[in-house]
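Working notes, beginning with the structure itself.
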Amino acid sequence: MALFKSVIGKLKSGLAKTRESFGGIVSLLSGRKLDEQLIEEIEARLIRADVGVSAARTLCTGIKDAYRKGDMTKGEDALEYLKREIKAMWPEEDRKLHTAESGPTVILVTGVNGAGKTTSIAKICKRFKDDNKQVLLGACDTFRAGAVRQLEIWSERLGVDIVKGHEGSDPAAVAYDACSAGLARGADVIILDTAGRLQTQAGLMDQLTKIRRVVEKQIPSAPHEVILVLDATAGQNALRQAEGFAEAAGVTSIFLAKLDGTARGGMVVAIREQTNLPVKLIGVGETPDDVEPFDPERFVEAMFEESANVG
Amino acid sequence: MFDRMSDGFNNVFRKLSGRAEISEANVREAMEEVETALLEADVHYDVAKKFCKDVVQDALGKEVTKSLKPGQEMIGIVNDRLIELLGGQPGEDGSEPKGIMKVAPGPTVVMMCGLQGSGKTTTCGKLAAHLKKQGRSVMLCAADLQRPAAVEQLGIVASQAHEKMPGNAPVSFYSEPDKCDEYGKAVGVAVKVCQNALKKAREQDVDVLILDTAGRLHVNDELMGELRQVNTAIQPHQIFLVVDAMTGQDAVESAKAFHSQLEIDGVILSKFDSDTRGGAALSVKSITGAPIRFIGTGETLGDMEVFAPDRIASRILGMGDMVSLVEKAQQEVSEEEAIRLQEKMAKGEMTMDDFLKQLKTLRRMGPMKQLLGMLPGVGQAMKNIEFDEKELDRVEAMIGSMTKDEREKPKIIDNSRKRRIAKGFGGDQSRVGQIVKQFGMVSQMSKQMANLGAGGKVSAVKQLAAGGGMEGMMPGLSGLPGMSARGSTKSGSGGKKKFKQRKKRR
C-alpha cells in the first residue's frame, strides 16, 4: 500500500503542471451552469493543453449536443463526460514491452533531436536491471558530439555493458556489433540508442531503416520493440514525428518523456486520436527511477485531480 | 516548414479571389479556417484568436469587400499582420536587426538558457561559428555540469567550430570537468566555473564569451535559482533563450517564465528545419515581448540564420523568400560573374561548362530542397517531392566526362559520343541523351527568361515546378545566379541598381 502511494504521489507530482492546466478546467466547471460560452472556454482550455484541435472539437461537440438536448446542465456533468470520453480512448490493451520468446530481446530507441532518448534508455535499462535481467547497451548515436560518452556514463552508473563505435562511424555497424556481442554474452536485453533525427531528413530516416534491417538479419525476430521517444512538451508536430518514424522504423510503442514540469500530457490524447500507437511508458523526472507504465485510468484521473497545493 | 499554415492561407486566398462578391460573412468564415490551420500548427490559442480577429477587422476597415482584387488585398493584410506578429519590420523601432553587441572592454558575455533538449549546446556552437565568420573571437564555457557528457559535447563543438568553420578568429573552450562531481553537492559550482571562464576570457582578450548552462524546467525553482545566481554574479550582456521550434502550446509558457526571471534579450528557435509547424515562431514574440533573433536550420554548425520577420512571413504565405536566396547567391557569386552569365543567357550562348559551374555554385549554397523552397510558389508545388542529391552528383560526373568541344556545343553529341560519355561516368547512355536534350530546352528557356520581366520568370518557374517534375526542374534553376543580378521578384524591375543597393545595406 505504501509503495502504491509513493507511485501515485510521484505521478501526481510529475503531472503537477498538467493538473494546473486541466485543473483549471475543474475549477472552471465546478458549480457552474453550462452555457454555450462556457463550452467554448472548455474547448479553448483543451487546445491550450495540446490535446489537438480535432480531439478538442470532438469532445466539445459531444458536450454541446448533450447540452442542447437538455441532457447536460451542470459543469460537473461536462467534467465527468470529459474524463469518461478521454479514458474510453484507451480500451484494454497490452501495454507491456514486448520481449523475445527466447534469446535476447532487442529494443530500438528512436526520436527527434533532444526528445530525451538517452535518459529514457537509462530508465528502461534500470527497469530491466531491477528485474535481474542482463542488459547490454548499443551506442548507435555516432553523430552527435558527446552522445556516446553520455550513454557510457549511464552504463557505468547503472553497471551494464555497452558496445560503442567511434564518432562518425556507421551506426548500423555498431548495431550489428551490439547484437553479436549480446548473443555471445547471453544478454537478456539489448537496447540500441540512435542519433536524434528530424522526420523530414529522408537520408537519416533511411539510415534507421538500415539499422532495423541489420538487426533483423542477426536476430530474425528482432527488434521486438521499436520505441519512439516523444517530448511531452512537443505540440501537434509529435503526430508528424509518429507518422515519420512509424514508416521508417516500424515504431511499436511510445515513450512519453519529460512529463514532469512543463508538459501537459494533452499530447497523449492527440496521439491516441490520430495514430494507433500505444503509449507504454512515461518519464516523470530526471533520475532513472522516474518512469511509470502508462495507465490511462490513473493518468486521466491524475490529470483532472484538483489539488490545493498545486505550485 | 510552414506547409500546414501555408495551405490554410492559400485556401482562403483562393476562395476569396474566386468570389464575385465578398461579404463580411465570407471573410469571417474564411478566417475561421485559418484559425484552425494556425492552431493545428501549434500557434498559441490566444495568439491565433487575436490574429484572426485583427485580420477580419483590417479587412473590413480597408473595405476589401469592395475591392476588385480581394484575394490580393487579403494577402497584403495578412502579410502585414504576420510580420507584426513575428516581430515587426527590421529597423522599425529605429534599430537595425541587431547582431551580438560589442562592449569595451570585452568580452561581451552571452548566456544561453532553455529547457532540456532544446538544443542549447549545438546552438552555442552555431553562434560561435556565426561570430567567427564576422572575425570575432569566441570562448565557449561549459557551465552545464548536470547532463552526462555535456562538457565533452561542448568541447567537441568548440573544436569543430574552431577547425572547420570559415572565418579568421579563434574559438576556444573553457571547462572544469572535475567540477561535475562536485555539482549538486556544493552550492554555486556552476557560478564559480563561469567566473573563472570570464577571468580567462579577459586575460586572453576574447571578444565574446558564451555560457552554456544546464537545461532546466522553468518550474524547477532550484535550477532557476542557479541561473539567477549566474546572472547576478556575471551580469551577462545578453541572455538568449533557446526554444525548440516543435514545442506545442507550452512554448510561450516556458518562454514567459524564463523571461520573468531573467529578462531575456531574445529567443533562438532551434530545429526550425523540422516540418509543417512553426507555431512557436508566431507566438513567442507577441506573448513574451522577447524577439526571435536567430533560427537553427540544420544539423551542421553553419546552419543558423538571422531571423527576419518579413522574410519568414513570405515563406509562411508561400510567397517564397527571394531575399534570403539572393543573399545566399551573393555570397557565392560575384556581381561581374552574374552579369556575364546573364548576358550569355540572353544570347542563348550558355554552355555545359556554365551549367556545371552554376550547378556547383548552387549546391554550395545548401541542400537543393531548401533552396527551392525559397522560390515563390515552388515550396507548395514540391512539398511532397523528395529531392535526390545523388542525381546531381551523377549529372556533374556526366558533364565531367565530356570533352571541351562537347561542353561548348552539346549539339555535336551523337550516339557514339553518348556511349563514350556513359562509360566515362558509369551510367546509362539514354540518360546522357536526356540531359543533353533537357539542356537544349533549358538554354532556350533561359534565353526567354533572361529577356522576361520578373513576374514572367516566376510563373515560368512555377510552370516548371508544377509540370516538369524534378528532372526538368533542376536544369531550369540554372538561371538562378543570373536572376540574382536582377533583384528580388517583388521589385519587378530596377535590375542592377537594386542589386547594388542591397549590397550596400548588408
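Both backbone and side-chain heavy atoms feed into the values below; hydrogens, waters and symmetry mates do not.
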Closer than 4.0 angstrom, basic N to acidic O: yes or no for [X] and [Y]?
X	Y	answer
A:D290	A:K123	no
A:E41	A:R45	yes
A:D170	A:K210	yes

With a 4.5 angstrom heavy-atom cut-off, could you sort out which part of [X] is near chain B: side chain, backbone, both or neither?
X	result
A:V112	side chain
A:E286	side chain
A:L151	neither

> What residue, out of B:G117, B:A149, B:P148, B:G215, has the most heavy-atom pairs lying under 4.5 Å from chain A?
Replying inline: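 The residue among B:G117, B:A149, B:P148, B:G215 with the greatest pair count is B:P148.
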
> Between A:Q150 and A:R144, does any side-chain donor sit less than 3.5 Å from a side-chain acceptor?
Replying inline: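 Looking only at side-chain atoms, A:R144 and A:Q150 do form a donor-acceptor pair, the distance falling under 3.5 Å.
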
>> I'd like to know if the side chain of B:D303 pairs up with that of B:T300 as donor and acceptor (distance under 3.5 Å, no hydrogens or angles considered).
In response: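 The answer is yes; a qualifying pair exists.
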
> In terms of heavy-atom pairs under 4.5 Å, which option from A:G52, A:A145, A:A270, A:G146 contacts chain B the most?
Replying inline: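 Of the options given, most contacts go to A:A145.
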
> If you count heavy-atom pairs under 4.5 Å between each of A:S54, A:G196, A:G235 and chain B, which one has the most?
Replying inline: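 Between A:S54, A:G196, A:G235, the count favours A:G235.
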
